[in-house]
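The structure under discussion appears below in the form of C-alpha cells.
The first residue of the sequence shown is numbered 1, and numbering continues consecutively from there. The shown structure was predicted, so the numbers you read here are calculated from the model rather than taken from an experiment. Note: hydrogens, waters and symmetry copies are ignored here, and every other heavy atom, side chains too, is used. We count ligands from 1, going down the list as the structure has it; atoms in each ligand are counted the same way.
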Amino acid sequence: MRRFAYCKVVLATSLVWVMLDMFILLYFSECNKCDDKRERGLPGRDVLRPREGPGEGGKPVVISKENQEKMKEMFKINQFNLMASEMIAFNRTLPDVRLEGCKNKLYPDDLPRTSVVIVFHNEAWSTLLRTVRSVIDRSPKSLLEEVVLVDDASERDFLKRPLEQYVRRMEVPVRVVRMEQRSGLIRARLKGASLSTGQVITFLDAHCECTIGWLEPLLARIKLDRKTVVCPIIDVISDDTFEYMAGSDMTYGGFNWKLNFRWYPVPQREMDRRKGDRTLPVRTPTMAGGLFSIDRDYFKEIGTYDAGMDIWGGENLEISFRIWQCGGTLEIVTCSHVGHVFRKATPYTFPGGTGQIINKNNRRLAEVWMDQFKNFFYIISPGVTKVDYGDITSRSSLRQKLQCKPFSWYLENVYPDSQIPRHYYSLGEVFSYTANKEIRTDDLCLDVSKLSGPVMMLKCHHLKGNQLWEYDPMKLTLIHVNSNQCLDKASEEDSQVPSVRDCTHTRSQQWLLRNVTLPEIF
Ligand code: LR7
Ligand code: MN
C-alpha cells in the first residue's frame with residue numbers, strides 16, 4: 001500500500017517534469033524564442049546575399065489583416081511592433097548603407113579589442129538576441145573580447161535562466177550579470193563596464209543591429225588617439241515595421257534649452273574642416289548616448305558616469321560636455337553604421353516619476369558643467385529648481401581635478417551654432433534678448449512678416465532682417481528695425497496677439513527687460 005503510494009508520487013513528479021519540459025519546449029518553439037531554426041543560413045556568412053524571409057535585407061515586415069488586432073496588443077509590451085520583430089531572423093541580412101568611400105578603407109591589424117556592454121530592462125527576447133547576434137556576426141572575432149549583458153532587474157522570466165542558457169552556446173563569451181534592484185541605465189552600464197575586460201568598452205542599447213564593417217572604423221579612431229570617444233551613425237529601425245533605414249552623415253548631436261538631445265545639420269565649418277570628405281569623422285558637440293566606444297582607461301580617467309543619476313536621461317549630455325571640456329574629442333564616425341529601434345514612448349516605469357528623474361539628472365549636469373548657462377535651462381523649465389539634485393561635490397571636484405574648461409569655451413569652440421546665445425542682454429521668464437538683438441526662445445525668434453500685423457515665433461535665421469529688434473532702455477520700447485514700428489502688447493481687437501504698431505510710447509508699448517547691462521548694449 002505504502003509502496004504504491006510512493007510509486008504514485010514518483011510517477012506524479014516525473015509527469016510534472018515531463019510536462020514542464022514540454023511546456024518549455026512548446027513555449028519557446030511556439031513564440032519562436034530559443035529555437036535555432038530562426039538562424040537561417042550560417043551565422044556570420046553570406047550576410048550580404050539576399051535571403052528569403054520577413055525583414056531580410058532590412059525590408060519592412062507586413063502584418064496580415066487578420067493579425068492586426070493581436071499586433072496592436074503586442075505593440076504595447078515594448079512600444080514597438082513585437083510581432084514583426086519576432087518574425088525576423090536574429091541574423092537577418094541588412095543592406096550595406098555605407099558611403100562608397102568607406103567600403104574599401106583599410107585599417108591597422110592591431111586594433112584594440114572591445115567588450116560590448118548592453119544594459120536592458122524588460123527588453124524583448126527577439127530584439128535583444130538580434131542585437132547580440134549582429135554584434136557577433138559582424139565583428140571580426142579578433143576584435144571582440146566578449147559581450148556583457150546587464151539585466152537591470154527585469155521582470156520577465158525568459159530573461160532569467162533561458163537567456164543564460166541560450167547565450168552559453170554562442171561562439172564569443174557572452175556574460176549575463178544582474179543588478180540587485182532597478183538602478184537605471186547609468187549604474188547598470190557602470191556595473192557592466194567594471195566587470196568587462198577589453199581595452200575598449202563599446203556600449204549599445206538592447207535593440208540595435210550592427211551592420212557590416214561597423215567596428216573597425218570606431219576602434220581605429222581610438223587607436224589613433226585614446227582620448228577620442230566615438231559613435232557610429234545611428235540608423236533607424238522602424239518601430240512599426242522593423243524596416244532598416246540609413247541614418248544621415250549630415251546631422252550631428254546638439255541640445256535645446258530644455259536640455260533635450262537633438263539632431264541638427266552638420267554646419268559648414270565642420271564640412272570645411274574635413275575638406276568636404278564625408279567619410280571622415282564628424283566632431284559632434286553631443287552624443288545621443290546609447291551607442292559609443294571609449295578606451296577603458298580613458299573612461300576611468302574622465303570619471304566614467306555620474307552614479308548619482310537615476311533610471312534614464314541626462315547622462316548623454318553630461319558625458320558629452322565632460323569629454324569636450326576636459327580635453328577629449330567626441331566624434332561620429334561616418335563609416336560605422338548601427339541601427340536602433342527608435343520608439344515614440346517608453347515602455348517601462350520611472351520609479352519616482354518621469355519628470356522628477358529626468359529633471360534631477362539634468363540639474364546634476366547643469367550644476368556641474370554649465371556654469372551660468374544653467375539659467376537658460378532653469379528659466380525655460382519652471383519648477384525644475386524645486387527638484388532636489390542630491391550631492392554633487394564629488395562631480396564638482398572631478399571637474400576641478402581634471403582642470404576642465406568653462407562651458408563658455410565649449411559653446412564658443414565646440415558648439416558655436418548652439419541655440420544658447422553666448423552673449424545675451426536679458427533673460428526673462430519666456431524669452432532672452434540676445435547680443436544679436438533677437439528676441440529668442442530656444443531656436444525660435446520673434447519675427448514680423450506684416451506691417452502693423454501680429455508677431456510670430458519663427459525659426460531663427462541669424463540674418464537679422466525681420467528678426468532684428470532694438471531695445472531702448474530709457475523709453476522701454478522694442479523697435480522692429482525693418483518696419484520702424486514698436487512691439488505692442490495684445491489687445492482685444494487683434495484677438496490677444498501682440499503685434500507691431502506705429503510707435504506711440506504708450507504703456508502697451510513699454511517692455512521691462514530684466515538684467516540688461518547697458519554698457520554692453522551701447
Ligand atoms: O531603467 C532602465 N534600465 C535600463 O537598463 C531604463 C533603460 N534601460 C536600458 C534599456 O533597456 C535600453 O537598452 O537602457 C537602454 C536605453 O533605454 P531606451 O532604449 O529606452 O532609451 P532611448 O533609446 O530612448 O534613449 C537614448 O537616451 C538615453 C538617455 O538616458 C540613453 O542615453 C540611451 O542609450 C539613448 N539611446 C540612443 O542613443 C539610441 C539612439 C536614440 C536617439 C537619439
Ligand atoms: Mn533605445
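In this comparison of Arg343, His207, Met179, Glu315, the heavy atom closest to atom 29 (C) of ligand 1 sits on Glu315. Closest to atom 10 (C) of ligand 1 by heavy atom, among Val119, Leu185, Asn78, is Val119. Scanning Asp205, Thr349, Ile311 for the heavy atom closest to atom 33 (C) of ligand 1 points to Asp205.
Remark: at the Mn ion (ligand 2), atom NE2 from His207 and atom NE2 from His340 enclose 90°, rounded to the nearest 10 degrees.
For Tyr378 and Arg363, the side-chain atoms include at least one donor-acceptor pair closer than 3.5 Å. Looking at Ser238 and Thr241, their side chains do bring a donor and an acceptor atom within 3.5 Å of each other. Of the N and O atoms on the side chains of Ser126 and Ser85, at least one donor lies less than 3.5 Å from an acceptor on the other residue. With no hydrogens or angles considered, no side-chain donor-acceptor pair links Tyr264 and Asp417 at under 3.5 Å. Asn122 and Glu155 share a side-chain donor-acceptor pair at under 3.5 Å. Side-chain contact annotation: Thr304 with Arg189, donor-acceptor N/O pair under 3.5 Å absent.
Aromatic ring orientation, Phe80 versus Phe242: perpendicular (interplanar angle above 60°, classes split at 30° and 60°). Between Tyr252 and Tyr415, the ring planes are perpendicular. Angles over 60° get that label, and only those under 30° would be called parallel.
The atoms of ligand 1 that sit less than 4.0 Å from any heavy atom of Leu291 are 39 (C). Annotation for ligand 1: atoms under 4.0 Å from non-hydrogen atoms of Gly184 are 1 (O), 2 (C), 3 (N). Near Ala288, the atoms of ligand 1 lying under 4.0 angstrom from a non-hydrogen atom of the residue are 27 (O), 32 (O), 35 (C), 38 (O), 42 (C), 43 (C). Of all atoms in ligand 1, listed by their number and element, those nearer than 4.0 Å to a heavy atom of Arg189 are 33 (C), 34 (O). Taking every non-hydrogen atom of Asp152 and a distance limit under 4.0 Å, the qualifying atoms of ligand 1 come out as 1 (O), 2 (C), 3 (N), 4 (C), 5 (O).
Nearest N/O/S atom of Asp205 relative to the Mn ion (ligand 2): this is OD2.
The closest approach between a heavy atom of Tyr348 and any atom of ligand 1 is below 4.0 Å. Residue contacts with ligand 1 do not include Ala188, since none of its heavy atoms lies under 4.0 Å from the ligand. For Met287, the heavy-atom gap to ligand 1 stays at 4.0 angstrom or more. Ligand 1 is never approached by Phe203 to a heavy-atom distance shorter than 4.0 Å. Contact annotation: Arg187 has no heavy atom less than 4.0 Å from any atom of ligand 1.
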(request) Applying side chain to side chain contact (heavy atoms under 4.5 Å, CB included), run through Leu128 and Leu159 and close with a yes or a no. (result) CA-CA 10 Å; Leu128 178 62; Leu159 294 171; 3.8 Å; yes
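Looking at Gly313 next to ligand 1, an N or O pair under 3.5 Å apart turns up. Between Phe261 and ligand 1, no pair of N/O atoms sits closer than 3.5 Å.
Of the candidates Phe373, Phe407, Phe261, Trp369, Phe321 forms a ring-ring contact (aromatic ring centres under 6.0 Å, His included) with just one, namely Phe407.
Separation of atoms CG (Asp306) and CD1 (Ile319) is listed at 11.0 Å; rounding is to 0.5 Å. Once rounded to the nearest 0.5 Å, the distance linking CZ of Arg364 with CG of Asp310 reads 8.5 Å.
Shortest contact from atom 37 (C) of ligand 1 to any protein heavy atom: Gly290 N, 3.4 Å. For atom 22 (P) of ligand 1, the nearest protein heavy atom (residue, atom name, distance) is Trp312 NE1, 3.7 Å. For atom 11 (O) of ligand 1, the closest heavy atom belonging to the protein is His121 N, 3.1 Å. Here the heavy atom of the protein found nearest to atom 41 (C) of ligand 1 is Phe342 CE2, 3.4 Å.
Cation-pi contact between Arg133 and Phe90: absent, since separation from the ring centre below 6.0 Å together with deviation from the ring axis within 45° is not met.
Residue-level proximity to ligand 1 for His340 is carried by the side chain, the only part with a heavy atom below 4.0 angstrom.
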